[in-house]
Novice: 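Below is a structure I'd like to ask you about.
To find a chain, count down the sequence lines: A is the first, B the second, and so on, and within it residues start at 1. The model shown is predicted, which means the values in this text are computed figures rather than measured ones.
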Number of protein chains: 2
Amino acid sequence: MNASNHTYRPEPLRMTNQRKGILEEVQKARQHLTADEVYELVRKKQPRISLSTVYRNLEKMADAGILARLELSGNQRRYDWNTDMHHHARCVRCGAVRDVPVDAGVELDLGSQAINGFAVSGFRLEFKGICEKCR
Amino acid sequence: MNASNHTYRPEPLRMTNQRKGILEEVQKARQHLTADEVYELVRKKQPRISLSTVYRNLEKMADAGILARLELSGNQRRYDWNTDMHHHARCVRCGAVRDVPVDAGVELDLGSQAINGFAVSGFRLEFKGICEKCR
DNA sequence: ATTATTGCAAAGTGTTTGCATAACA
DNA sequence: TGTTATGCAAACACTTTGCAATAAT
């Protein structure tokens, strides 16, 4: 996890059943899942998988860029199959989280100037509101 | 936090020493503090205060609008003396969190149209970058 | 054969809660 | 006096870790 002196070789990721199962569930979910939601799903097919394996793999795959880690403010970590740049909207009523394409009516102009002395390298944008279903 | 039927009476907040001490530390801090940072500070003056009192009071005062709760993605909760609308920037190197005025080079155009079926009522914007001190 | 990965249990964070006692208004 | 607030300890939810056994390359 550390590019030390000069030869940084990323750990190869072995394709274990557990890994495969976890990846499948995250990718076919239409929701952004928490670790234990993934656990419950994978468990149906691999009853002996352990929760820590799920945690470890979600983290590892997120590090590898296979999945996206989703850390909404004040909430449990979730994992997302969509690794493209996008924002999120959370329904304050039912808690559902939906993706928001970067261009969906949102115009964010950072200019090139630093904000408050910061050299800004990125930002995250999170909407809240009421989803279609809830109104 | 809930205006139910008709007689909503907010609990009166008693001004205890603990409450006062906590409030003071948060207000005079130039940082956004976590509960246990507040605890350590208040403890210097009130050695017998308990951590749960700190937690309870920070939450209660945030509910009352005296302080602002600050939930940056994937991080510990912090509390903020500034209850006005503003954004935050976090230094990826030292972890410092600074306020960003709503108009600081940021142009966010929501239009009036809903995003992805959401009736958007708010958003939160969080910058990351390198702070002045760190570069 | 080598080394990444697993399952399990245990430990770690950060936060909340129940309860009897104390302090406020 | 009536009720909110406190301290303590214990519970909680989520996540990480140590370790010996196992599986992938």
Novice: Using the salt bridge (charged side-chain N to carboxylate O under 4.0 Å, His left out) criterion, which residues pair with A:Arg78? Sequence neighbours excluded.
Specialist: A:Glu37
Novice: What string of B, S and - do you get for nucleotides 11-20 of chain D, 5' to 3', if B is base contact, S is sugar-phosphate-only contact and - is no contact with any protein heavy atom under 4.0 Å?
Specialist: ---SBBBB--
Novice: Going by the rule side chain to side chain contact (heavy atoms under 4.5 Å, CB included), which residues pair with A:Glu59 if we only count those two or more places apart in sequence or in a different chain?
Specialist: A:Arg69, A:Arg77, A:Tyr79
Novice: In chain order, what residues pass the side-chain hydrogen bond (donor to acceptor under 3.5 Å, both in side chains) check against A:Asp36, with sequence neighbours excluded?
Specialist: A:Gln76
Novice: Grab the CG-P distance between B:Asp63 and D:dA5 for me, whole Å please.
Specialist: 12 Å
Novice: Go through the structure and list residues passing side chain to side chain contact (heavy atoms under 4.5 Å, CB included) with B:Arg124, not counting sequence neighbours.
Specialist: A:Ser73, A:Glu126, B:Leu72, B:Glu126
Novice: Partners of A:Glu24 by salt bridge (charged side-chain N to carboxylate O under 4.0 Å, His left out), sequence neighbours excluded?
Specialist: none
Novice: I need the OH-P distance between B:Tyr39 and C:dT13, as an integer number of Å.
Specialist: 16 Å
Novice: Going by side chain to side chain contact (heavy atoms under 4.5 Å, CB included), name the residues that satisfy it together with B:Ser52, two or more places apart in sequence or in a different chain.
Specialist: B:Ser50, B:Arg56
Novice: Sequence neighbours left out, what pairs pass ring-ring contact (aromatic ring centres under 6.0 Å, His included) with at least one residue falling in residues 20-39 of chain A?
Specialist: A:His32-A:Trp81, A:His32-A:His88
Novice: Counting only side-chain nitrogens and oxygens, does B:Gln18 get under 4.0 Å of the OP1 or OP2 atom of D:dG7?
Specialist: yes
Novice: Compare every heavy atom of B:Val54 with every heavy atom of B:Ile22, then report the nearest pair and how far apart it is.
Specialist: CD1-CA, 3.7 Å
Novice: Restricting to side chain to side chain contact (heavy atoms under 4.5 Å, CB included), what partner residues turn up for B:Thr83, sequence neighbours left out?
Specialist: B:Ala68
Novice: Any N/O pairs under 3.5 Å between the protein and nucleotides 23-25 of chain D? List them or say none.
Specialist:
unit_1: D:dA24; atom_1: N3; unit_2: A:Arg14; atom_2: NH1; d: 3.2
unit_1: D:dT25; atom_1: OP1; unit_2: A:Met15; atom_2: N; d: 3.2

Novice: Just to verify, what does A:Lys45 make a salt bridge (charged side-chain N to carboxylate O under 4.0 Å, His left out) with, not counting sequence neighbours?
Specialist: A:Glu25
Novice: What is the separation between atom CG on B:Leu58 and atom C1' on D:dA5, rounded to the nearest whole Å?
Specialist: 15 Å
Novice: Going by heavy atoms in the side chains, are B:Asn75 and B:Arg90 under 4.5 Å from each other?
Specialist: yes
Novice: Less than 4.0 angstrom between a side-chain N/O of B:Lys60 and OP1 or OP2 of D:dA5, yes or no?
Specialist: yes
Novice: Rounding to an integer number of Å, can you tell me how far B:Glu37 CD sits from C:dG14 P?
Specialist: 10 Å
Novice: Give, ordered by number, those residues of residues 41-49 of chain A having at least one heavy-atom distance below 4.0 Å to an atom of DNA chain C; if nothing qualifies, reply none.
Specialist: A:Arg48, A:Ile49
Novice: What is the distance, rounded to the nearest whole Å, between atom CG of A:Asn57 and atom C1' of C:dT6?
Specialist: 9 Å
